[in-house]
There are 2 protein chains.
Amino acid sequence: MLGKQAAGEVGTATRILDVAERLVQSRGFNGFSYANVAAELGMTKAGLHYHFPGKAELGEALINRYAIRFAEALQAIDADSASVRAKLAAYAAVYADVLKEQRMCLCGMLAADYETLPAAMRTAVVRFFDDNETWLERVLEQGAKEGALHYEGRARDQAQLIISTLEGAMLVARPYGDPERFRAAAHRLLATLDGG
Amino acid sequence: MLGKQAAGEVGTATRILDVAERLVQSRGFNGFSYANVAAELGMTKAGLHYHFPGKAELGEALINRYAIRFAEALQAIDADSASVRAKLAAYAAVYADVLKEQRMCLCGMLAADYETLPAAMRTAVVRFFDDNETWLERVLEQGAKEGALHYEGRARDQAQLIISTLEGAMLVARPYGDPERFRAAAHRLLATLDGG
DNA sequence: GTCTATAGGCAGATAGAC
DNA sequence: GTCTATCTGCCTATAGAC
């Protein structure tokens with residue numbers, strides 16, 4: 001339950017999620033273990049099982065928290081951005097911030113591991129992409145109506161292209177250790193929406 | 001050595017590579033084991049070690065063979081395509097053919113696993129992307145010269161965007177089990193090169 | 001909540017027979 | 001070349017003490 005820690009304090013479950021999240025984002029779901037997490041927190045593996053019974057439950061919790069944070073970031077973009085063009089730039093910046101820490105998008109990484117994931121995690125990964133698509137679709141439709149964005153065909157398809165490109169740009173940029181590689185691709189992608 | 005099999009026959013090393021390749025492309029490098037490969041071939045794990053001393057060597061061999069095949073595919077495209085636009089369509093079709101078998105690009109998958117890979121595999125993965133970039137750069141420059149393709153800035157940067165987008169489109173399409181999702185993204189990507 | 005201890009299984013790998 | 005047998009280590013997970 002919440003409210004057991006003093007203000008600013010971080011509970012054990014949260015610290016476990018923080019470490020596991022970073023490990024999954026950098027090494028993949030099959031590339032980390034309870035032992036890795038426990039060692040980093042100065043705990044034993046058994047201690048982790050109290051908070052998350054199994055790796056599957058931990059994985060679910062990771063995706064759910066990540067999805068909530070992402071949704072909050074999108075709400076913040078909606079609230080703060082002055083234009084649809086600014087919204088798209090801010091959206092790409094969310095990805096850039098993840099990559100900056102040498103991490104892959106959690107759900108992009110899990111998309112690679114998809115075949116090996118428990119069913120509940122699979123469902124949650126797909127929902128993450130669906131939610132992103134829905135948000136982007138709305139922004140793109142608004143932009144088209146305002147005449148601020150230009151693209152052919154359905155907004156939903158353009159939204160899928162944007163997600164694919166940003167995920168792919170993260171994926172490829174990481175082996176090069178070069179965030180600029182991502183930035184250039186994202187900028188070029190969004191530039192295609194400016195022209196007539 | 002080569003030449004030990006009768007025409008059309010396939011050696012054990014090749015059959016090992018075939019199975020391991022499919023497993024890596026669908027499950028990732030940390031999502032398959034010697035036991036998986038051996039079981040599928042009706043062999044024991046020990047038998048595999050005769051052909052590939054360790055998982056690292058097997059992984060290197062996988063990338064090297066994949067890179068050679070990819071290079072051959074690019075040569076075939078150069079030989080057969082009537083236009084630069086046709087070359088790019090054929091390039092995207094190479095990715096689509098991989099996805100059709102519900103596989104991720106081998107090196108795209110290994111890019112996700114990158115942090116956990118042995119050094120030699122890392123080098124080979126980056127070289128794969130570099131080679132693709134170089135080929136695309138040449139096509140894009142030719143296209144610009146002919147006036148058949150239109151893009152802003154350097155061909156090399158546009159090449160990176162194309163690779164990122166195709167890899168990302170494969171990555172995201174697989175959880176949906178929907179090759180059409182990839183096809184639409186690829187088509188939309190290439191369409192951005194047509195306009196003025 | 002976190003520990004020690006341990007289970008049971010699978011991982012990658014090797015030795016040596018055939 | 002492929003096998004049997006085995007090793008060592010790590011994995012996920014559980015029982016039960018504190």
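Proteins get letters first, then strands, A, B, ... in listed order; numbering begins at 1 in each. Every value quoted in this text rests on a predicted model; they were computed, and no experiment measured them.
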Q: Quickly work out the B/Y50 OH to C/dA15 C1' distance and round it to whole Å.
A: 16 Å
Q: If we ignore angles and hydrogens, is there a donor and acceptor under 3.5 Å between the side chains of B/N132 and B/Y91?
A: yes
Q: Would you indicate what B/G42 reaches in the nucleic acid, counting non-hydrogen atoms under 4.0 angstrom: base, sugar-phosphate, or nothing?
A: sugar-phosphate
Q: Just the rounded figure in Å: distance from P of D/dT2 to CZ of B/F52.
A: 12 Å
Q: What distance do B/H49 atom NE2 and B/T44 atom OG1 have between them, rounded to the nearest 0.5 Å?
A: 9.0 Å
Q: Please round to the nearest 0.5 Å and tell me the distance separating atom NE2 of A/H187 and atom CG of B/L161.
A: 12.0 Å
Q: For residues 183-193 of chain A, pull every pair meeting salt bridge (charged side-chain N to carboxylate O under 4.0 Å, His left out), keeping only residues two or more places apart or in separate chains.
A: A/E180-A/R183
Q: Distance check, rounded to the nearest 0.5 Å: B/I162 atom CD1 versus B/T192 atom OG1?
A: 7.5 Å
Q: Please determine whether side chain to side chain donor-acceptor pair (under 3.5 Å) holds for the pair B/R174 and B/S26, giving the CA-CA distance in whole Å, both sets of side-chain angles, and the decisive distance to 0.1 Å.
A: CA-CA 9 Å; B/R174 256 170 20 107; B/S26 57; 5.6 Å; no
Q: Can any side-chain N or O of A/Y66 pair as donor or acceptor with the backbone N or O of A/C105 at less than 3.5 Å?
A: no
Q: Does anything in residues 110-125 of chain A come within less than 4.0 Å of DNA chain C? Heavy atoms only, and list the residues if so.
A: none
Q: NE2 of A/H51 versus P of C/dC3: gap in Å, rounded?
A: 9 Å
Q: Does A/T44 put a side-chain nitrogen or oxygen below 4.0 Å from OP1 or OP2 of C/dT2?
A: no
Q: Sugar-phosphate atoms are those with a prime plus P, OP1 and OP2; base atoms are the rest. Using that split, label each nucleotide of nucleotides 10-18 of chain D B, S or - for protein heavy atoms under 4.0 Å, 5' to 3'.
A: -SBBBB---
Q: D/dT2 phosphate, OP1 or OP2: any side-chain N/O from B/T12 under 4.0 angstrom?
A: yes
Q: Strictly under 6.0 Å, is that where the ring centroids of B/F70 and B/Y95 end up?
A: yes
